[in-house]
Amino acid sequence: MTHPNAFTLRGYQQDAVDATLRHFRATDDPAVIVLPTGAGKSLVIAELARLAKRRILVITHVRELVEQNHAKYAALGLEAGIFSAGLGRKEFSHQVTFASIQSVARNLEHFKDAFSLLIIDECHRVSEDENSQYQAVISHLRSANSGLKVLGLTATPYRLGYGWIYRKHYRGFVRSESPRVFEKCIFELPLSYMIRHGYLTPPEVVDAAIAHYDFSALTPSRAGHYPEQDLNSLLSRYPRVTQAICEQIETLAEQRQGVMVFAATVAHAREVGSYLPEHQTAVITGDTPGEERERLIQQFKARELKYLVNVSVLTTGFDAPHVDLIAILRPTASVSLYQQIVGRGLRLSDNKENCLVIDYAGNGFNLHHPEVGTPRPSTDSEPVQVFCPGCGFANIFWGKTDEQGQVVEHYGRRCQGLLEMDGAPARQCDYRFRFKECPHCGAENDIAARHCHQCQSAIIDPDDLLKRALQLKDAKVIRCAGISLTHKDECLILTYHDEQGEELQERFHLDRPAQLKLFNTLFGRRCGDGQSPRRFRNLNEVLAAEALLPAPDFVIARQAGKKGRQGGYWQVRERLFDYEGRFRKANAL
């Protein structure tokens, strides 16, 4: 019999459940479901738990989410256990248990029975570190059941300094060539879908209309955080800016129902709180006692308070649908954190048409274009579509476009397309836009490779090559800022230009098959950032394609012929393309 409080899944939630069942019937590979904040991950979890025939453990990192996920399951009229010190309950004998990762990791002896499925909410927090709490729990559960199935759910499937948390996507592309905790994303719903279909409130992201903080001089950690001491030192120089920002927030809030302010540090949060209306404002930090925090949150949800100022404590597991103004006064290099902050204001509520998001810290993220899996290489980079000349897959890489929107440069290395082969596992397309050629077998390798993936031979480190060349008296190294072409009969004269005006020249006799093959290997394959590979047949074709020819980053030459002024010349020995290393490239200060 259906419980009177049971819910009906939305179409996409049922699709997520179905995708999970299909995946785990075929394989035990760990999988990820990506649903935006507000899409109802807890409902998907509840339905999967309801369908389970064996034991299930659902874990997450904050007690609010433990409670929320348990409540949705209980709404089906089903009983489940809660194992969370923060909630004062340690029940571990039910078929379905909702738990905090911290409590489970400290009490593994209570979870010695075999579990068939481990569900991890907010799974972007799982690292590969074998000593982490998540890995300890996964390893422990696998010791009792080697066929344990692991499902992660998140709105933000990437981490700064790490990239995507899974390797393959069900739509047929690869996110990471390196091993990941999760093998495959089996279902994903974009934020734009939720907004377009009326499931979330549209965000209205606007630039701050007054002077805002300049955090550009600070350097974030790999996790995207900024040192609190540095932040406080910088913010102490902006007291008038902070006051002016708060005055603008108060003015804008006159037409708004609930305001959340994200401050940079504890001291900053208290300063912000002092400028907002005293009897309508609460400040919550990591130091706020649990009972007081709960009281203030409940007052805010009941609309007894209008402003809630916090520092990194209300980004997940917090649900106040009436919030319709988000003020971001803190810097972050993490798009995940930025999306979680904005997500606090996107839930539907009565008389709420949109959520005003004002970023006073100049973070500059685009909500609908999350990180492409690697850090943004430059401030003017944007996601661009690059088609693979090998398989035709439409890759999304960081890149730059001209005024007409045409891609003029991109930073992709390898095609992300997955090739489906009859009777064989899907494999990643082997086309590389940027590559390092093995000197032993000629195979194309990733530009950071130290050993050839095909013949396993060692590949010389370009830094070692440059270092040795710089130590030789008869060697010359230039940072190449560009190339130019001239010719004499069928001989192509290629000039490499240094940023300081120095030059090196190299000749290719393109009427000779061996020379033509070498030129095609060096330059033809790399034309147009690898998007327009060419196999030139003669000099005229090369001259016509001059604008597409790539310039190496470094050129190394050795003295040849007679020494001194009488007939000696520089002979190009090495050309380093797609260089990444310790040495500065041309025009990169």
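No experiment lies behind these values; they were computed from the predicted model shown.
Using the six-membered ring where Trp is involved, F554 and Y579 have ring planes that are perpendicular, over 60° apart on the 30 and 60° scheme. Below 30°, between 30° and 60°, or above 60°: for F393 and F173 the angle between ring planes is between 30° and 60°, a tilted geometry.
Ion pairing between E499 and R584 holds under the 4.0 Å rule for side-chain N and carboxylate O. A salt bridge is absent between K436 and D578; no separation between the charged side-chain nitrogens and carboxylate oxygens falls under 4.0 Å. Here R525 does not pair with E437 in a salt bridge; the nearest charged N to carboxylate O distance is not below 4.0 Å.
Residue P533 comes nearest to Y431 through the heavy atom pair CG-OH, 3.4 Å, listed as atom of the first residue, atom of the second, then distance. Scanning all heavy atoms of the two residues, the minimum distance from V311 to A264 falls at CG1-O, 4.0 Å.
Of the possible donor and acceptor atoms, one in the side chain of D463 sits under 3.5 Å from a partner among the backbone N and O of R582.
For R558, the salt bridge (charged side-chain N to carboxylate O under 4.0 Å, His left out) criterion is met by D474, not counting sequence neighbours. In terms of the salt bridge (charged side-chain N to carboxylate O under 4.0 Å, His left out) criterion, residue partners of D529 (sequence neighbours excluded) are, by chain and number, R434.
You'll find the side chain of F523 stays beyond 4.5 Å of the side chain of V542, heavy atoms only. Within the 4.5 Å cutoff, no side-chain heavy atoms of R180 are placed close to those of R175. In this structure the side chain of R413 never reaches within 4.5 angstrom of the side chain of R432, judged on heavy atoms. Contact of the Y338 side chain with the D359 side chain is registered, since non-hydrogen atoms from C-beta on lie closer than 4.5 Å. Side-chain contact between R330 and H268: absent, with no pair of heavy atoms (C-beta onward) separated by less than 4.5 Å. Using a 4.5 Å heavy-atom cutoff, the side chains of L148 and D28 are not in contact. Side-chain contact between D430 and R414 is present, with at least one heavy-atom pair separated by less than 4.5 Å. L337 places none of its side-chain heavy atoms less than 4.5 Å from the side chain of T156.
Atoms CG and CZ, on N520 and R535 in that order, are 5.0 Å from each other to the nearest 0.5 Å. Between the CZ atom in F387 and the CG atom in N395 there is a gap of 9.5 Å [rounded to 0.5 Å].
E382 and T401 are linked by a side-chain donor-acceptor pair at a separation below 3.5 angstrom, with hydrogens and angles left out of the test.
L518 CG: more than 12 foreign heavy atoms inside a 6.0 Å radius. Residue R573 qualifies as enclosed at atom CZ: its count of foreign heavy atoms under 6.0 Å is above 12.
Sorted by first and then second residue, the pairs that involve residues 468-515 and meet ring pair (Phe, Tyr, Trp, His ring centres under 6.0 Å), not counting sequence neighbours, are F508-F519.
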